[in-house]
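The structure appears right after this line, and notes come after that.
Labels below follow one simple rule: chain letters A, B, ... track the order of the sequence lines, proteins then strands, and each chain is numbered from 1.
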Amino acid sequence: MVYVAEVIVDVPAMQTDFPYTYLIPTEFGDKIQEGMRVEVPFGKGNRHVQGFVTKINYYESLAELAEFDMKEIVALLDLSPVLNPELLSLADEMKEKTYSFKITCLQTMLPSVMRAAYQKWLVLTDEVSDDILYGIFKGQDEITWEEAIASGQLGQLLKLRQQNSLDVRYEVRKRNRSKVIQAFRSRLSFERAEEERQTLRKGSKQKEALLLLLQKATDTQYWTIKQVQEEIGINRSTVKAGEKNGWLEIFELEIQRDPYAGREFETETDKVLNKEQQLAYDTITESMATQQEDVFLLQGITGSGKTEVYLQVIAEALKFDKTGIMLVPEISLTPQTVQRFKSRFGDEVAVLHSGLSTGEKYDEWRKIERKEARVVVGARSAIFAPLENIGVIIIDEEHETSYKQDETPRYHARDLAIWRSRYHHCPVVLGSATPSLESRARAQKGVYRLLKLNQRANPTAQLPTIKVVDLRHEVTHGNMQTFSNPLLEKIADRLTKKEQTVLMLNRRGYSSFVMCRECGFVLPCPNCDISLTLHMDTKKMKCHYCGHEEGIPHSCQSCGSKKIRYFGTGTQKVEEELQQLFPESRILRMDVDTTRKKGAHERLLKQFGAGEADILLGTQMIAKGLDFPNVTLVGVLNADTALNLPDFRSAEKTFQLLTQVSGRAGRAEKKGEVLIQTFNPQHYAIQLAQGQNYEQFYQREMQTRYQGNYPPFYYTVQLTASHEEENLAAKKMYEIVKKLQQVLSNNCIILGPTPKAVMRVNNRYFYQVVLKYKQEPGLSQVLKEILMESQLAMRQGLKITIDVEPQSFV
DNA sequence: AGCACGCCGACT
DNA sequence: GTCGGCGTGCTC
């Protein structure tokens with residue numbers, strides 16, 4: 001019998017995007033399983049790469065299959081499969097839908113620590129001159145490839161290689177190390193320990209203590225070395241000596257890095273559901289009990305208690321001995337959210353989000369794999385949680401764009417959730433106060449089942465009043481500042497009443513920059529067609545596209561004038577202004593700069609919740625999930641910056657943001673007030689947000705989409721080509737359009753090619769084409785062909801990307 | 001991706 | 001005549 005494995009190798013390229021067949025050495029025969037990672041030789045030389053076993057086959061004899069020479073698998077990288085059959089098959093779906101490589105999909109499903117690290121070594125195999133041995137190899141018999149390059153002696157080394165004095169060694173390293181600590185257990189019987197103790201020299205206090213410890217041990221008892229060192233004062237060396245004498249056995253203990261260790265979670269019990277919540281709960285759990293693959297759209301106004309429904313539905317799944325996934329947008333994965341889940345489900349919850357260190361993420365992932373956690377809460381990538389027997393998948397804030405990954409593979413968590421629900425015959429719940437037009441339209445058509453929550457869960461809380469301030473009016477009255485008079489009055493009022501204020505600065509489509517007052521020159525990025533953003537905290541000018549940094553200019557690069565104006569209502573600037581206006585007030589600023597450090601987000605919110613500040617000033621991130629009873633005023637400083645973006649979703653995004661931030665006011669008995677400052681008070685997104693009227697917004701926006709032939713009436717695909725030379729990128733895009741036109745029907749709308757809004761990024765020029773279509777059977781095939789051809793174009797430095805249902809067109 | 005093979009210009 | 005440039009093709 002000959003066993004072979006089909007392996008997807010870690011070489012992300014079109015030409016290698018299929019399984020390669022490797023012989024399974026007999027020593028691995030009983031251990032290897034589908035879904036494990038292996039190390040395999042690939043290509044010329046001693047190159048080794050990581051691969052995923054996707055299939056194991058066997059044949060009666062080698063003659064049956066060998067029309068080529070097969071190589072053997074070198075090593076197993078896992079003890080048990082890291083991907084189960086479901087996830088392996090999900091990878092196929094992803095590859096197909098996102099036009100990406102299978103290997104990329106497989107890697108994406110795992111925590112980043114499990115991606116292989118490769119190390120190339122140069123190994124001396126013969127005597128060499130002292131010059132080389134000490135000069136380049138520093139007396140060692142091997143150096144890394146990086147060190148070889150740094151030595152600047154590659155020519156010399158190449159010669160050695162030809163003389164066979166040098167070998168190249170490749171190493172595939174696993175980076176996923178569980179955190180282990182050393183522990184030991186006794187190997188002595190009571191009597192043997194007693195005997196050993198008699199032989200000890202006088203004064204061997206530590207050894208005696210150790211023997212006494214071992215003597216009274218039960219069979220399964222063990223201690224960690226650290227523990228005995230701290231508690232009893234037995235040194236590491238004493239324990240080691242004990243091991244040598246055969247008293248004890250040292251072993252490694254896998255420990256969990258629990259990011260929430262040492263924190264108390266109050267146990268929380270189910271709240272009583274109101275009629276609407278109960279109906280939603282009943283409908284969803286009924287679907288779960290009968291193993292329907294329904295997709296529910298749970299449309300509930302802010303404060304209607306969607307989360308309570310989620311929690312109880314998951315609890316029900318657990319009762320059926322099933323598991324549950326809940327996806328939350330990254331920014332609302334706050335400690336408050338985590339706390340709520342932990343207090344309800346205790347240790348059964350695994351949390352996956354970017355705030356965790358890579359090690360912590362790996363441990364949470366292992367917890368799920370070992371089936372210690374049956375509930376997973378996390379951001380987008382938590383949709384790959386290796387849970388089995390899923391009872392329900394919930395996506396909260398369903399409309400959030402962060403559910404779509406903006407790099408390859410460009411998958412949408414919602415689509416994958418639906419795919420997994422079909423595999424497990426379980427329902428999906430999409431929840432939002434302001435559903436995406438796509439989802440709401442599907443619910444309208446009956447593709448999804450619509451559930452509505454129109455009442456606030458806490459009926460004593462009154463709805464906030466929402467006012468719109470016309471900034472055009474304010475400007476003509478000579479008020480050029482960030483704050484309109486009405487807003488200033490309200491803030492002052494709250495300060496005297498000792499109530500809290502939340503101010504939001506809409507950063508989307510907006511950034512602070514420096515401009516010359518004499519000639520109007522704005523400092524651009526040398527690599528991109530965009531102005532540099534002013535960062536006061538680091539005192540640097542920074543490009544948000546390529547990361548370029550330089551100092552803040554003191555004179556104009558163009559005309560030499562020293563009159564530089566620091567433009568911008570970046571949050572820092574607003575904070576300064578605010579402090580000047582209200583010198584006595586305590587202000588907390590929350591933006592990317594102040595929340596970069598681990599735990600900073602949590603700390604700021606805690607401070608604000610404890611009443612240590614009067615005003616919380618922040619960007620979009622404050623729009624979600626905050627629930628502070630003493631907040632009675634919410635101000636939106638610039639509601640409309642996003643409205644001017646050339647994106648058909650700009651109205652939708654603005655409406656969603658305003659609705660969400662309005663929900664931050666008046667969470668308790670005190671009545672809340674919301675003030676929206678805008679230059680477009682007549683815009684329907686703002687008007688309808690003021691009226692908190694989602695339904696009307698939906699109707700109105702659907703009309704706009706219908707007229708513009710946009711989603712949800714049309715599907716969209718965006719193709720992008722980039723090159724260092726502008727005309728080459730443009731030329732390629734024209735070729736692609738030509739090819740598309742030959743295949744696609746007349747009903748397909750092709751927009752472009754056009755240069756992207758920011759045409760040059762990192763010294764590359766970007767051109768795009770957007771396709772809008774209803775039904776194009778030939779599309780998938782032609783896109784694959786384009787991708788195939790683009791593989792060759794790569795050599796000329798041309799990059800092509802395909803984005804199915806892009807979230808942003810800018 | 002990374003490596004070897006192979007076919008054309010500036011050097012011993 | 002050779003060393004070495006990088007275009008092209010292949011990897012079980």
Footprint string (nucleotides 6-12 of chain C, 5' to 3'): B base within contact, S backbone only, - free, heavy atoms under 4.0 Å: --BBBBB
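- Straight-line distance from the CE atom of A/Met794 to the P atom of B/dG2: 12 Å, rounded to whole Å.
- For A/Thr104, the side-chain hydrogen bond (donor to acceptor under 3.5 Å, both in side chains) test picks out no residue, with sequence neighbours left out.
- Residue pairs meeting the side-chain hydrogen bond (donor to acceptor under 3.5 Å, both in side chains) criterion with at least one partner in residues 730-739 of chain A, sequence neighbours excluded, are A/Lys739-A/Glu785, A/Lys739-A/Glu789.
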Give every donor-acceptor pair under 3.5 Å between a side-chain atom in residues 90-101 of chain A and any protein atom, sequence neighbours left out.
unit_1  : atom_1 : unit_2   : atom_2 : d
A/Asp92 : OD1    : A/Lys102 : NZ     : 2.8
A/Glu93 : OE2    : A/Lys97  : NZ     : 2.8
A/Lys95 : NZ     : A/Asp17  : OD2    : 2.7
A/Glu96 : OE2    : A/Lys784 : NZ     : 2.6
A/Thr98 : OG1    : A/Met94  : O      : 2.7
A/Thr98 : OG1    : A/Ser100 : OG     : 2.6

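- Remark: A/Arg420 engages A/Glu86 in a side-chain hydrogen bond (donor to acceptor under 3.5 Å, both in side chains) (not counting sequence neighbours).
- In this entry the distance linking CG of A/Asn46 with C1' of B/dG2 reads 13 Å, nearest Å.
- Judged as a side-chain contact (heavy atoms from CB on, under 4.5 Å), and not counting sequence neighbours, the contacts of A/Thr16 are A/Val11, A/Ala13, A/Tyr20, A/Phe42.
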